[in-house]
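A short write-up of the structure that comes next.
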Amino acid sequence: MIHGLMMQQPLLISSLLRHAERHHGEGEIVSRRVEGDIHRYTYRDLAARARRMAKAMAALGIGDGDRVGTLAWNGYRHMELYYAVSGMGAVLHTLNPRLHPDQLAWIVDNAQDQVLCFDLTFLPLVEAVAGRLGSVRHFVLMSDRAHMPDETRIPGLLCYEDLCIAQDDGYEWPEFDENRASSLCYTSGTTGNPKGVLYSHRSTVLHTMAGALPDVLCMSAREAVLPVVPMFHVNAWGIPYMACMVGAKLVFPGPALDGKSLYDLFEAEAVTLAAGVPTVWQALLAHVESNGLRFSTLCRTIIGGAACPPSMIDAFQSRHGVEVLHAWGMTELSPIGTACSLKPELAALGSEQRLAVQAKQGRALFGVDMKIVDADGDELAWDGKAAGELMVRGHWVVAQYQSGADPCVDGWFPTGDVSTIDAHGYMQITDRAKDVIKSGGEWIGSIDLENIAMAHPKVAMAACIGVPHPKWDERPLLVVVPRPGETLGREELLRHFDGKVARWWIPDDVVFVDAIPLGATGKMQKNRLREQFRKHLIPTA
Ligand code: ADP
């Protein structure tokens, strides 16, 4: 064998920050703070403060591989910890504050977090659970002295700004093996206990490089990016890393995620690119449309985490001139797996056919390989019709959970999503395996039915669930939130399905509700709906 004669440098997260400081140090980072005001500084400031925080963590006794937990919104201090903790060789563990306190306590203990850093918003939450967090040696409030509580039940509560100011920024990021663990995120655990996914420096940097490419997030120094996707769940889709790599202006929304606050921030900071789950965009669109507003700078939005209804894609594109990129991923994939950018032959399609393609979750980016398999594990055709479990493998796909459990089958990770792949390589999720409706031995995809319901002008939100049926095992039931001020009848809505799906796919009934429960990551909690409406069809069947 003859070796190549090129430099060998480990792929480290600190190298992203070093690059940002040296090559676009003046780039701006703007944060709406929990404290209520707007904070702005540059990548150069970020780098210096991240070095101080790395020293502060070391002074608290944090060393190689120790876990530092965060309970925080999207903001500059959270960003500093992203780099400080991973960069020094410890593990950043982002916690989802929307989880139930019992689950939170379980996760902190399971991860053995040594330090817990949290935003002011979460002071009551941390006070309530602190006594149960046996592994945590230091609690740090991510604010300044002026916002420290006079009294608290949290033992020895530390102030983030005090820790930061106590250090100088003279610090060299250490070099180590790129396979070292960098950060930790637990799956939402809609079934059973959540599972820890432990990312490495290498997997993170490779994900960053691939995710920023033009056919994926298309990140560049010319963008002003606002991630609505939280930094507390799967690294805000990698945007905090990509932004450093390319030097994009970053705009952090803090805790204010309602339509008005987001719109105001888009306009004030000239945001060009945003990213979030469909439920967030729905609130934004409602605000914009009911107030007759226009987006003056926003040109693209990335929607994923749950299926994006074509009606939403159409609203953004045809009514507001904002291009939608539909993407799919999961915690176990760091998270990006596919993005629905159009190949030239598809970009030339008429608007309706184009929309049908954009409703798909898209094609695999380089670094991720995918296939669909039947119940026996045999690979299915890429014909856009055959549906089976989606399997993936790649540089940023989980190999083992933190518990040591190995989920893979012959080197492929089973996603638990059921999908098709068409001849162009576009993957479309028909359902999560546990949400599929099994009617008379056949499968009905709930996402398709939801998309049709969502296209009805009087529907604000729709979930389709399988409920027990004496003859067919399960039948689809549609749970609908009407738009404010609209009244909508069962028959009117069911007629809307005529000709759009096979007759036996049409839901058996519709129930109207005020709200659909959302989980910790803003997705509809269909398991709760299934529980609530378990007996719904039996009396009429
Ligand atoms: P959880 O929902 O359990 O928290 P993740 O946050 O990792 O887990 O979400 C991953 C799941 O979200 C995927 O397996 C898939 O079911 C769903 N998902 C993500 N993006 C999309 C999308 N664009 N369309 C449909 N489903 C999606």
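All heavy atoms count here, side chains included; hydrogens, waters and symmetry mates do not. Numbers here are sequence positions counted from 1. Atoms within each ligand, like the ligands themselves, are counted from 1 in listed order.
Counting heavy atoms closer than 4.0 Å to ligand 1, residue P335 contributes nothing at all. Counting heavy atoms closer than 4.0 Å to ligand 1, residue C308 contributes nothing at all. Contacts between M330 and ligand 1 below 4.0 angstrom, taking non-hydrogen atoms only, involve backbone and side chain alike.
By heavy-atom distance, the residue among A306, P278, S334, G304 lying nearest atom 22 (C) of ligand 1 is A306. With distances taken over non-hydrogen atoms, the option nearest atom 13 (C) of ligand 1 out of D417, I429, T521 is D417.
Between W73 and F118, the ring centre distance reaches or exceeds 6.0 Å. Separation of the H207 and Y241 ring centroids does not fall under the 6.0 Å cut-off.
Geometrically, ligand 1 and T415 share no nitrogen or oxygen pair separated by less than 3.5 Å. Among the atoms of W328, none of the N or O lies under 3.5 angstrom from an N or O of ligand 1. Residue E332 has no nitrogen or oxygen atom sitting less than 3.5 Å from a nitrogen or oxygen atom of ligand 1, judged on distance alone.
Close contacts of ligand 1 with A327, meaning ligand atoms under 4.0 Å from a residue heavy atom, involve 20 (N), 22 (C), 23 (N). Within the listing of ligand 1, atoms 12 (O), 17 (C), 18 (N), 19 (C), 20 (N), 21 (C), 27 (C) sit less than 4.0 angstrom from a heavy atom of G305.
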Side chain to side chain contact (heavy atoms under 4.5 Å, CB included) between H469 and V467, worked out: CA-CA 6 Å; H469 186 283; V467 291; over 6 Å; no
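Pairing each heavy atom of D435 with each of D431, the nearest pair is CB-OD1, 3.2 Å.
Taking the ring axis of Y401 as reference, the NZ or CZ atom of K195 stays within 45° of it and closer than 6.0 Å to the ring centre.
In summary, R393 and D369 engage in a salt bridge, as defined by a charged side-chain N under 4.0 Å from a carboxylate O.
No donor-acceptor contact under 3.5 angstrom links the side chains of R363 and T338, judged on distance only.
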